Amino acid sequence: MTDRISKEDVAHVADLARLNLTEEELEAFTGQLADVLDHAADLAALDLVDVEPMTNPLPMRNVLRPDVVGETSDRAEVLACAPSVEDEQFRVPPVLGESP
Amino acid sequence: MSDDATTEIVPGWETVIGLEVHAELATATKLFSDAPNRFGGEPNTNVDPVSLGLPGSLPVLNEQAVELAIRVGLSLHCRVQRSVFARKNYFYPDMPKDFQISQYDLPINEEGWMELADGRRVGIERAHLEEDTGKSTHVGGGGRIHEAGHSLVDYNRAGVPLIEIVGAPDLRCAEDARAYVSELRSILVAIGASDGKMEEGSMRVDCNVSVRPVGDAELGTRCEIKNINSLRSLGRAIVYESRRQVDLITAGERVEQQTRHWNEDEGRTHKLRSKEEAYDYRYFPEPDLVPVDPSEEWIESVRAALPVLPRERRHRLAEAAGVDTATASLTVERGMDDLAVDAIGAGADPTRVLVHVENNLADGAGALTAASFAALVAMEVGGDLTATQAKTVLATLVAGGGDPAAVAADLGFEAMDDAALESVVDDLIAAHPEDWAAFTSGDDKERKKKSGFFVGKVMKATSGQADGRAVNEILARRAGA
């Protein structure tokens, strides 16, 4: 059932995830992802009309915390983890375009 | 909304506008952690492992952010419902996790409406919760994004709670769009959800614009405009973008679906990305957060605690004053509707009350009470004070309170009795026979001119105490008209 997903689709998804895949890896992952989709298709074949859609496996909801200020991180410690720092900020390579 | 021809930016073309407004919620802490939600401050001081997206950190939802989101939903007449957070995946340095936690197919608020000052209703599609990103500053290359040497990132804003309010494409012109944002801001401020400051970025507007020939039912291809930082920019961007799209179509080209950037200095939009380059966010449910499903009790307690909203206040004042809601809106915006309604309730002439609020109380009502306001308007309407004198008395009442009659007396604004005024007018007629002849010549233009002349002379002679209207009545009587 490899027609579930094309090699181009996998290349596109890899690109979105910033993964640099070799031709062999593309082939391998295309097969593996098709298997995953086959599994989803098995579920889709079941009659699930009466089953509530589930977005989380935990039977919990409304896990909330009060709006009270806590401790913040030490800036010097935080910035020490960064490869490059300028003016107490994280220095990053030139950004092309704008934030979406 | 209306298909009124006067809304056309380019004649024969209809502009269709839908706005997406992001507002920072006025919480003490961030959406998913207890770092402070505070504007300004030293870079990277309001941060913690969650706002920095450090490995192993986990989000815990802020109860107050949910409460404020419910307030927004109820104020916009939305259905408040069970909602789920989702990851919106993209790579950008102002978002250290490489995904933004937002809501996607199950937003907390859906399907509402908002009424504009003139009474028209605009659809609200959804109002969902999401986290803000950090702030990047572009350094070098003249500060322009595309020439930047490098960028600096401050994560103080990362994780600040946002409500994104998506309006239906119900707006048709720049004025509509500005009225929409003004009303939304008034509501957000009134319910304490946000400070609504566009200039500080706590309220940000993205604008979807398309055009179609008037009468067409099908929507044109839309462009989304970003970087709009003021109501003025919003109006300018809409006019520019409408014209650009109509020009393309009339030149035989097609409008391409794009995200565009408004440049305030150049007064134009330019392309950021095309539809093909549009981000593919690969949303999926956020596994680290459970659904939010506010109980009926919670929702109803939030509803019960809501203040009276601008819309109801406009209707209340409009009814009290016998005017339409658009006329009542400025008084409500200035927060003087209680004062106006009470003054009118105490017998004051509604028109004079609204005129004073609009023209003479722009800087606030100060020590002015509804009772003294009503008494002042009564003196003015009764002819005891001229409009100019009333304005002066009003300023004194605003500054220090007091009884308008006493204040007027202190200022020497004694009402002139009719006989005294008549004698002043008669003296002036006698002193200026040629002007009087022109006044009575039967030429309307001359009459108007000389009426101004005599009123001016009377005002000078009485140090402004005379009522211009009364002077004109005497002049007319003397002319035998």
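What's counted below: heavy atoms across the whole structure, side chains too, no hydrogens, waters or symmetry copies. As the structure is a computational prediction, the values presented were derived from the model and not from experiment. Note on naming: letters A, B, ... go to the chains in the order of the sequence lines (proteins, then strands), and numbering restarts at 1 for each one.
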Identify the two heavy atoms, one from A:Leu16 and one from B:Phe91, that lie closest to each other, and give their separation to 0.1 Å. O-CE1, 3.0 Å

For chain B, the option from A:Val13, A:Leu64, A:Leu79 that forms the most heavy-atom pairs under 4.5 Å: A:Leu64

Look at the side chain of A:Arg75 and the backbone N and O of B:Pro43, then say whether any donor-acceptor pair between them is shorter than 3.5 Å. yes

Is it the backbone or the side chain of A:Asp74 that comes under 4.5 Å from a heavy atom of chain B, or both, or neither? neither

Looking at A:Val69, A:Asn62, A:Leu58, A:Val68, which has the largest count of heavy-atom pairs under 4.5 Å with chain B? A:Asn62

Is it the case that atom CZ in B:Arg222 sees more than 12 heavy atoms from other parts of the structure closer than 6.0 Å? no

Between B:Leu31 and chain A, which part of the residue has a heavy atom less than 4.5 Å away: side chain, backbone, both or neither? backbone

Less than 4.5 Å to any heavy atom of chain B: does that hold for the side chain of A:Ala82, its backbone, both, or neither? neither

I want to check something: taking the side chain as every heavy atom from C-beta on, are B:Arg82 and A:Arg61 in contact at a cut-off of under 4.5 Å? no

Note: B:Lys30 and A:Arg65 closest approach over all heavy atoms is O-NH2, 2.5 Å

Can you tell which of B:Leu106, B:Asp48, B:Leu289 has the highest number of heavy-atom pairs within less than 4.5 Å of chain A? B:Asp48

Could you tell me if the side chain of A:Glu88 sits less than 4.5 Å from the side chain of B:Asn44, heavy atoms only? no

Measure A:Val78 against the heavy atoms of chain B and call it side chain, backbone, both or neither at under 4.5 Å. side chain

Within a reach of under 6.0 Å around OH of B:Tyr283, are more than 12 heavy atoms found that belong to other residues, nucleotides or ligands? yes

So what's closer than 4.5 Å to chain A heavy atoms on B:Val60: side chain, backbone, both or neither? both

Over all heavy atoms of both residues, which pair between B:Pro36 and A:Thr72 is shortest? Give the atoms and the distance, please. CD-CG2, 3.3 Å

How long is the span from the CG atom in B:Asp154 to the CG atom in A:Asp87, to the nearest 0.5 Å? 11.0 Å

Distance, nearest 0.5 Å, that separates CG of B:Leu52 from SG of A:Cys81: 9.0 Å

Above 12 or not: heavy atoms from other molecules or residues under 6.0 Å from CG of A:Asn20? no

Top contributor to chain A contacts, counting heavy-atom pairs under 4.5 Å, from B:Pro291, B:Pro49, B:Pro285: B:Pro291

Below 4.5 Å, heavy atoms only, C-beta onward: do A:Asp67 and B:Glu67 meet side chain to side chain? no

With a 4.5 angstrom heavy-atom cut-off, which part of B:Ser33 approaches chain A: side chain, backbone, both or neither? backbone

Quick check on B:Phe32 against chain A: is it the side chain, the backbone, both or neither that has a heavy atom closer than 4.5 Å? backbone

So, taking the atom named CZ in A:Arg18 and the one named CG in B:Asp98, what distance separates them when rounded to the nearest 0.5 Å? 8.5 Å

